[in-house]
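Everything on this sheet refers to the single structure shown next.
Because the structure is a prediction, the values reported are computed rather than measured. Excluded from the calculations below are hydrogen atoms, water molecules and symmetry mates; all remaining heavy atoms, backbone and side chain alike, are included. Lettering follows sequence order; numbering is per chain, from 1.
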Amino acid sequence: MSLRVYNTLSKTKEPFEPVKPGQVGMYLCGPTVYKPSHIGHMVGPVIFDAIKRYLAYSGYQVTFVVNVTDVDDKLIAESKKRGISMPALAEEMTADYMHNLEAMGVDTIDHFPRATQCMGDIIKFIEKLVAKDFAYESDGDVYFDVEKDREYGKLSNRDVASMQGEGGGMAERKRSAIDFALWKSAKPGEPSWDSPWGKGRPGWHIECSAMSHAILGETFDIHGGGLDLVFPHHENEIAQSECCHGKPQAKYWMHNGLMQASNEVGKIGGRATREAQPGDQQAQEAGKMGKSKGASAFSELLTRHAPETIRFFLLSTHYRRPIDFSEGRIEEVHTGLEQFYRFFKRYERITGASFYEVDYPTHRAAGDFDPGDEPTLVQVAELRKRFLESMDDDFNTGGAVADLFELVRTANKYADDQKLEAKKPTDAQLAVLRQAATTLRELAATLGLFRAAPAGPQAGGDSELVGKLMELVIELRANARKTKDFATADRIRDVLGEAGVVLEDRPGGTEWTLK
RNA sequence: GGCGCCGUCGCCAAGAGGCUAAGGCAGCGGAUUGCAAAUCCGCCAUCGUGGGUUCGACUCCCACCGGCGCCUCCA
């Protein structure tokens, strides 16, 4: 079994073979930082974070780059609206983005280039395109001459001849309506940089060509982004980079599906209806709905859902599929996640050690183990194999997560059958349970899951007072149960239940958790 | 109009030319429990519709119906 990756360029799954053996360069298009990020902004980073983890686990040395677009028309407009400078706005929104990434456990990114800090690379890149006659200056602007690129349209499968292109407001400055800006001359009062063509700022696409080249080289391995970027952004990037260097920019183009608001028109954060004509009341309503409902800030979502739940939600479906977003979905997913957390507690009760402290192999080959003829271990080995096969098949995290659930069931069944909580387990029994936990940790780690106990009241954040009180109540109830005063015992449990406290009577004593 | 994607159990969601069509949520039955909770076991789908290719299709092809994306800034 070997890794296969779906390539938008070829529209097929291809065997994964990096340009340089053993090394992978990966570039993901990041956000334009003009507004707080919403959940849609987290899809790509979480997925590509998992992809990097899995590649590293598979033995590759991965360099992961995510850019931040901090100069752009939208930034200019928003900063004017708020009466702050563009850099101040970018700073604020970049910080928001970073915090959200951190919450999601996305910490594998090696470089965060920002457009404004790479102006030299960008200008050099444009100069080269002009020198090679793939671009032309026009009244302080510089445009890419699409006609010069015979391969234009190969990514998004478009035919140049039949493309309309509106030309925007710049139509008369361009040779062709489908040409796109590499450099835009500055209007008075706009943020600008000096260039051979006068003061101005880069067009949207050029920064990614310039920065990916500067960090990863002329041809790197994986270029990722949302499906909505295929055209025009990635198509234009390819045009710029490949005309500039005469080589493929990236070997594999990977695009993730977009987050969509359930039962709503359009996708989150984007314009909801395309054909909204002035006066078309209904379309405008729908557009507004999609925007206001879907695009709520991610940081706000984090106040209602645990970060790991959101991460789990994003990974429980295949990355190329669109995901319907709804709070109900997330809650449902959380219910499933709790199955893991309960097992972790059970593991700790039995072994006396935290699941999160279990040592696990960080390399694929090191995770192989000999199950012998122990049925549970045979099962664990089989599930591990299935997990790996799923991930090898274009990073099928949805299928892989299913195997994780089965792994937990297998371990629980073993603990049940062997009555590990009722009596002192033997070393052999502990070894089996440990192997199951080790494999679970090993595999989950490739998805960036279960790296640390989730924060929250159930994780030990309770006040000392509550702890003492619960200890007392549980003791009183235990006494009642001993004397078969079940009326009292049940009443205690019921009243606590109404208050959101769940009691679980186990062989080793009663445990309580907050629901 | 052009380029694409999707339609699998009540809901979400993997998969696959012939093997029992994963898993989660919800539901039902059982084991366990003083009763519960948790856990385990079992039950719960013939894959949008109609054609075609094939010895055989849910899986390939065509048409249709339904949902969606891009074609203009968007992860």
(message) Heavy atoms from C-beta onward define the side chain here; which of B:rU72, B:rG15, B:rG69 lies closest to that of A:P232?
(response) B:rU72

(request) Take A:H305 and A:E327, measure what side-chain hydrogen bond (donor to acceptor under 3.5 Å, both in side chains) needs, and give me the verdict at the end. (result) CA-CA 9 Å; A:H305 305 282; A:E327 306 251 351; 2.6 Å; yes

(request) Kindly assign one of parallel, tilted or perpendicular to the pair A:F405 and A:F340, based on the angle between their ring planes and the thresholds 30° and 60°. (result) tilted

(request) Starting at the 5' end of nucleotides 28-36 of chain B, put B wherever the base has a protein heavy atom under 4.0 Å, S where only the sugar-phosphate does, and a dash everywhere else. (result) ------BBB

(message) In whole Å, measure the gap between the P atoms of B:rG10 and B:rA45 for me.
(response) 9 Å

(request) Please measure how far the P atom in B:rC41 lies from the corresponding atom in B:rA57, and state the result in whole Å. (result) 35 Å

(message) Expressed as a whole number of angstroms, how long is the span from A:H234:NE2 to B:rC3:C1'?
(response) 17 Å

(message) Taking only the P atom of each, what is the distance from B:rU33 to B:rA14 in whole angstrom?
(response) 40 Å

(request) Measure the distance from CZ on A:R321 to C1' on B:rC12 and round it to the nearest whole Å. (result) 10 Å

Under 3.5 Å, N/O pairs linking protein and nucleotides 19-26 of chain B:
from	atom 1	to	atom 2	distance (Å)
B:rA22	O2'	A:R386	NH2	3.4
B:rA22	O2'	A:E406	OE2	3.3
B:rG24	N2	A:E332	OE2	3.1
B:rC25	OP1	A:Q339	NE2	3.1

(message) Counting the atoms with a prime plus P, OP1 and OP2 as sugar-phosphate, which does A:G225 contact under 4.0 Å by heavy atoms, base, sugar-phosphate, or nothing?
(response) sugar-phosphate

(request) Quickly work out the A:D72 CG to B:rC73 P distance and round it to whole Å. (result) 10 Å

(message) Under a 3.5 Å distance rule, please check whether A:T446 uses its side chain to pair with a backbone N or O of A:L443 as donor and acceptor.
(response) yes

(request) Report yes if some heavy atom in the side chain of A:M211 is under 4.5 Å from a heavy atom in the side chain of A:Y27; otherwise report no. (result) yes

(message) Between B:rG67 and B:rU8, how many Å separate the two C1' atoms, rounded to a whole number?
(response) 15 Å

(message) Without decimals, in angstroms, what is the distance between A:Q260 CD and B:rC5 C1'?
(response) 10 Å

(request) Spell out, as yes or no, whether a donor-acceptor pair under 3.5 Å connects the side chain of A:N396 to the backbone of A:G399. (result) yes

(request) Determine the interatomic distance between C1' on B:rG29 and the same-named atom on B:rG4; round to the nearest Å. (result) 47 Å

(message) Which residue in the set A:D70, A:V68, A:I122, A:D72 passes side-chain contact (heavy atoms from CB on, under 4.5 Å) when paired with A:E207?
(response) A:I122

(request) Without swapping roles, check the side chain of A:N479 against the backbone of A:L476 for a donor-acceptor pair under 3.5 Å. (result) no

(request) Could you work out the separation of B:rC11 and B:rC44 based on their C1' atoms and round it to a whole Å? (result) 14 Å

(message) Mind checking if A:V230 touches a base, just sugar-phosphate, or nothing, with heavy atoms under 4.0 Å?
(response) nothing

(request) Take the protein atom CG of A:N256 and the nucleotide atom C1' of B:rC70, then report the distance between them rounded to whole Å. (result) 14 Å

(message) If you take the centroid of each ring, where Trp contributes its six-membered ring, are A:F344 and A:F450 closer together than 6.0 Å?
(response) yes

(request) Take the protein atom CD1 of A:I178 and the nucleotide atom C1' of B:rU72, then report the distance between them rounded to whole Å. (result) 14 Å

(request) Have a look at A:D141 and tell me which of A:R173, A:R175, A:K174, A:K187 forms a salt bridge (Lys or Arg N to Asp or Glu O under 4.0 Å) with it. (result) A:R173

(request) Taking the six-membered ring for Trp and the single ring otherwise, decide whether the centroids of A:H205 and A:H234 are under 6.0 Å apart. (result) no

(request) Nearest whole angstrom, please: distance from the P of B:rC40 to the CD1 of A:I350. (result) 12 Å

(request) Assess the side chains of A:R114 and A:T116: does a donor N or O sit below 3.5 Å from an acceptor N or O? (result) no

(request) Using a cut-off of strictly less than 4.0 Å, decide whether A:N396 has a side-chain nitrogen or oxygen near OP1 or OP2 of B:rG15. (result) yes

(message) Just to be sure I understand the rule, does A:T32 reach a base, reach only the sugar-phosphate, or reach nothing, if contact means heavy atoms closer than 4.0 Å?
(response) sugar-phosphate

(message) When the P atoms of B:rG48 and B:rU59 are compared, how many Å lie between them, rounded to an integer?
(response) 8 Å

(message) So that I know where these two stand, are A:F298 and A:H41 an aromatic pair - ring centroids less than 6.0 Å apart?
(response) no

(message) Once you apply a heavy-atom cut-off of 4.0 Å, does A:H255 come out as touching a base, just sugar-phosphate, or nothing?
(response) nothing

(request) Report yes if some heavy atom in the side chain of A:M93 is under 4.5 Å from a heavy atom in the side chain of A:S37; otherwise report no. (result) no

(message) Could you tell me how far B:rG52 sits from B:rC73 if I compare only their C1' atoms? Round to whole Å.
(response) 45 Å

(request) Map every base of RNA chain B to its dot-bracket character, where paired means a Watson-Crick or G-U wobble contact with both distances under 3.5 Å and | marks a partner outside the strand. (result) ((((((((.[[[..)..(....]]].(((((.......)))))....[[[[[..)....]]]]])))))))....

